[in-house]
Every structure is written in C-alpha cells, then in structure tokens.
Amino acid sequence: MSSKRPFYITTAIAYPNGVPHMGHAYEAIATDCIARFKRLDGYDVRFLTGTDEHGIKMLQTAQKAGLTPRELLARNVPRFQAMVEGFGLSNDDFIRTTEERHKASAQAIWEKMAANGDIYKSTYAGWYSVRDEAYYAEDETTLNSDGVRLGPQGTPVEWVEEDSYFFRLSAYQQKLLDYYAANPGFIMPEARRNEVVSFVSGGLQDLSISRTTFDWGIPVPGDPKHIMYVWVDALTNYITALGYPDTQADLFRTYWPANLHVIGKDIIRFHAVYWPAFLWSAGLAAPDRVFGHGFLFNRGEKMSKSVGNVVDPFDLLAAYGVDPVRYFFLREVSFGQDGSYSHDAIVARMNADLANDLGNLAQRSLSMIAKNLEGVVPTPGALSAEDEAILSLADGMLEKAREAMESQAIHHYLSAVWAVVAEANRYFAAAAPWALRKTDPEKMGTVLWVTAEVIRQIAILAQPVMPTSAAKLLDLLALPEDVRDFAHLGAGHRLASGGTLPAPVGVFPRYVEPEAAG
RNA sequence: GGCAGCGUAGCUCAGUUGGUGAGAGCGCCGGAUUCAUAACCCGGAGGUCGGCGGUUCAAGUCCGCCCGCUGCUACCA
C-alpha cells in the first residue's frame, strides 16, 4: 500500500450502441486531465473508464442491425477502446459490464440491498419509453396526431405491465437531503446541486429495478426471470472495478469511496440520488463528489445525425493531433458549462496559445542557447527585478492551479498557466537577449536561463493537458523523468546549469490550412 | 406556473462582501523588431455593462418591475 493519499476518479461508462462521438471524448479527456493532475501532485490515483453494455436499447440496436448484442458489442466496444487510446487516457482499468466480475458484483450489491429490506416485489404497470429508459404515469403522456403515445420528452412510449422488484428509494429522501446539506460539494457545479435538492425535496417514489420483458442484462439473484434495471447494473461498475464484493481487499479499502465521478449533466440524478441510496442500502459509503459537465455544440448547434454535424472524434485527432484537441476543449470550455467548437476556434487556440505563445517562446529561447552557448544551460548571474518577477510568477502557478482543480475548474487552471506564458513572452521581449549577446553576454545567459526555467515549470504544469507535447518540451530541457512531477515546481528545484541540451525542435507546429483542392 | 441561472466591447467571456476614469483573450487597425514557428513586443480603435424605476455620498455589483434566453420541476390539456 502506498503512503500517498488515494484518489479514485471515474468517467461515466459509455453506452456503446453506437460509435463514440465528441461528447464521449470530451468527458474522457477532462477526466484524464484531472487524473493526471492529481497523480503529478502526489496522489495515488486510480482512474476508471469503461462501457455500459446491457439494456433494451442495446438489444434493439443489435436486432435492427441483424446482430446479437454480443456481436454488436464486438463491433462497437473496440471503437471506444480505440478512443481511450487515441486520446491518450491514463486509465488504470477499463470495465465492461458484460464481464463476469461485474455480474458477480451487481448480484452481490442486489443481495445486500435485499438483505437490508430495501427490495420488494410488486407489479408495475405503466408507460415505458425505451429511448428515455424511463416509466411515465398516464397523465405524463400524450397522444400525437398519428395516434402514437408520447412521453414528456416526446419519445414514443409503450404500455408495460409486469412483475417487478422495487427499491425503497422513498426511505432515503431525508438521508439524501441531510447528505447534501452536510456535503455542499457533493454535487457540482452548484447549479446542478440546487436542481437535485429541489427534486429530492419534492418527494421520492420507489424505483422499479427489474424487468422481465427482455433478457439482455444481469439476472436477479434467485429469480432469473428478472434482469436488473440498467442503472442498478451500470452504477455498480464503480465498485466492481475495485473488486466488490470483496470489500476487504486492498483495492477496495484504498479507493472506496470514490473521490470524483465525472459525468454528463444528463445523468446527474442517477449519480446524485439513486447511487448514494443504493450504496447506503448495501452498507457502503457514498462518493465524495459527482461533477456534471456540460454538452458540446458544433458551431453552436447541438450535434445531431439529422443536421449532419456529428463530429467523429477520430477525425479531430487526425486533423489537429491529440494534444491540441485536448488543450482546446479543456481551455476553451468552462468545465461544467456547455461549450462550442469549430474548426476556426480550434485553429485559433492551436496557433495563438500553442504555436505562437508557448512553442515559439521555447523555440526562440532554446535556439539561442544552442547557437550562442553551444547548447549548455547557462549559469545565471545576479538576478534583476524583472528576472525575479517572472520567476516569482512561475513559482505561483502551482497554487493557482491547485485551487482551480479543487473545484474541477480546469479552464481556470489552464488560464493561470498561460497567463505566465504571456508574461514570459513580455519578459523575453523586454530583456532582448539577442541584443545582450554583444553588449552583456553574461546577462544574456541569465535571461536565457530564467526563460528556460520558466518554460520548465510551464511544461511540468502542462503535462496533465498535453502529456506528449509537454514531455517533448521537458526532453528539450534534458529534464530526467523523475523530476517532472509537481514536487519539483518552485524555487527549490531550479533548472540545473551546465547540462547540455539537445538541438531544439518545434513542439507545437502552426496549423496551416491544407492547400485548397485543385 | 414554481424554483434556479443568465443577458458586459464584432466574437468568447472575467468582473470578490457596491467605491480611483469598466477589463482579458481572439479578431481588426497602426507601430516597433528580427532571437524565433510571417511568430513575439508596443499602441489604438472601443461597449447607454438587456430595458425602466428605486435605495445610496457612490451600482455592472443591492431592491422592484419588464423583455429575451437556458436548466430543473409542476400542471393544464
């Protein structure tokens, strides 16, 4: 067991009845950025992602394609795994809910909840929307002009009457409200918390948690005609991956309760209401925080197949490269709010922030070291007020970044780092080392050292967003692998003088439009 | 209908508990420079802070009403 503080972070598990879209990738890179940040900041991080593979929608999609569910999964899940790979995720595990370990886990939590008296059998009759995965009361539905009955979301519903097991969610209303009150950071952003509190305050109905109308799911223990409601199945993935039901094993003891579930704002209720109740019922602790991120829009429009503006995340990778795409989404979008993207916006960020500001700064300063100092890191002389000022700003980045990341304000963390990039450019221009080369070579060396030191700290802090590019930058500074974590930021670990640097190469190329088709 | 939030320069947005002449980035215009990825640096253009009214010595920042937008939720039908 590690002496480091544990940090367990998860994405939601993706529903692979289709191929990955940019929304999946967005959640993945944001969560990965947080995981990497915590790891570099000295935490013992466990990072989980995966796929949610049961449920009637999966079955129906497969049937439409003339496939079995397993065949559909065999076709789609590798795409999600390729996305995880392609976007550079540092996950420790990839869970699939069709795995045997998960079946055992889901059945175990069911039995715990049943043993606690929270599950009872009754009859459910009502209107069910497959698309919404939800039941509606008669008066919540409407008949449209074609005689088709629709649910409140406008999706078709069908009459379902079946035996069902119910979870006594109503018994947890007050406990949930108390938990929200005692843990104001449980649901973030705050606006989401208000919505959940308001919803729970309005009263909770018991939840139907089994189905008998189809069989693509995990059988209810002792009553295999029933399969579990997908959310009981899906949410449990977070503990399955820690070895549940073996709650005494190191993995579970170390990492549960989870520190952070990163999810889309559309599934807040399942994570902030149902999930804690299930856990308490099973005698387990609720997670520390559920963060609901926003949705992405393509040029301000919601992505939809009919509009034809669905963006394939792999296309973005091919067009811009993984690190620029990661940087763009994490910098441009306020984490927790909806965001918009477009080719122009991505290129603007890529060229302005990465190529012009950071990349060019590294290139111009390092190439001066290469050309004038034979690639040897100079020894600084006496530091001027300007030297001290920029170093002090660089030293202050970590605190600001940490503070931002405490509330998952990824965009604030990045803007704090890039504010220093901008200031470093001003510093460099004002110090004009190319002029000092003739008038005051020692001072030129000092300026180049200060600049390289500032770049060192920026690169270390850029690792969570752009792991590959930041590593290249650190390679250019000949920084050993074991001194690239946040413990090596600040005045206590300045860039060593005297070392020889490799020949500088561009790390962040400008994006130039491909030649117009001729 | 209820609850919550939002509406600030062309665009995307910051603006702590009300107090020097309202900001940043991008874009645009002009200048400077040549170490560098035609990049960096400097300067500028420039918005009735959605509208009206109010509180205050002082409001983008508080109160009321109105308009527009978003989310959650309820209900009518």
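Sequence lines set the chain letters: A, B, ... in the order given, protein chains first and strands last, and positions in each chain run from 1.
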What residues form a side chain to side chain donor-acceptor pair (under 3.5 Å) with A/S384, not counting sequence neighbours?
A/E386, A/D387
Watson-Crick or G-U wobble mate for [N], both contacts under 3.5 Å:
N	result
B/rA45	none
B/rG21	none
B/rA4	B/rU70
B/rA9	none
B/rU33	none

Taking the side chain of [X] as heavy atoms from C-beta outward, which of [options] is closest to it?
X	options	value
A/F428	B/rC40, B/rC35, B/rU37	B/rC35
A/R510	B/rU37, B/rC72, B/rC26	B/rU37
A/N360	B/rC42, B/rG71, B/rU37	B/rU37
A/Q363	B/rU37, B/rC72, B/rC41	B/rU37
A/R349	B/rC40, B/rG25, B/rC35	B/rG25
A/Q337	B/rU37, B/rA14, B/rG71	B/rA14

[Y] and [X] side chains, donor-acceptor separation under 3.5 Å:
X	Y	value
A/S208	A/R211	yes
A/T49	A/T11	yes
A/H271	A/Y238	yes
A/N194	A/E190	no

Using atom [atom1] of each nucleotide, how far apart are [N] and [M] to the nearest Å?
N	M	atom1	answer
B/rC11	B/rC49	P	16 Å
B/rU55	B/rC13	C1'	30 Å
B/rU20	B/rG1	C1'	47 Å
B/rG44	B/rG7	C1'	28 Å
B/rU33	B/rG23	P	29 Å
B/rG2	B/rC65	P	11 Å
B/rC62	B/rA14	P	16 Å

Might you work through the ring-ring contact (aromatic ring centres under 6.0 Å, His included) test for A/Y320 and A/Y511, ending with a clear yes or no?
CA-CA 8 Å; A/Y320 313 109; A/Y511 181 90; 5.5 Å; yes
Just call it for [X]: base, sugar-phosphate, or nothing, with non-hydrogen atoms closer than 4.0 Å on any strand.
X	value
A/V197	nothing
A/D357	sugar-phosphate
A/G359	base
A/S367	sugar-phosphate
A/A191	nothing

Short side-chain N/O contact to [N] OP1/OP2 from [X], under 4.0 Å:
X	N	answer
A/R192	B/rC72	no
A/N356	B/rC40	yes
A/K371	B/rA36	yes

In whole angstroms, how far is the C1' atom of B/rG25 from the CZ atom of A/F328?
13 Å
Do you know the tightest heavy-atom contact between A/E27 and A/V262?
OE2-O, 3.4 Å
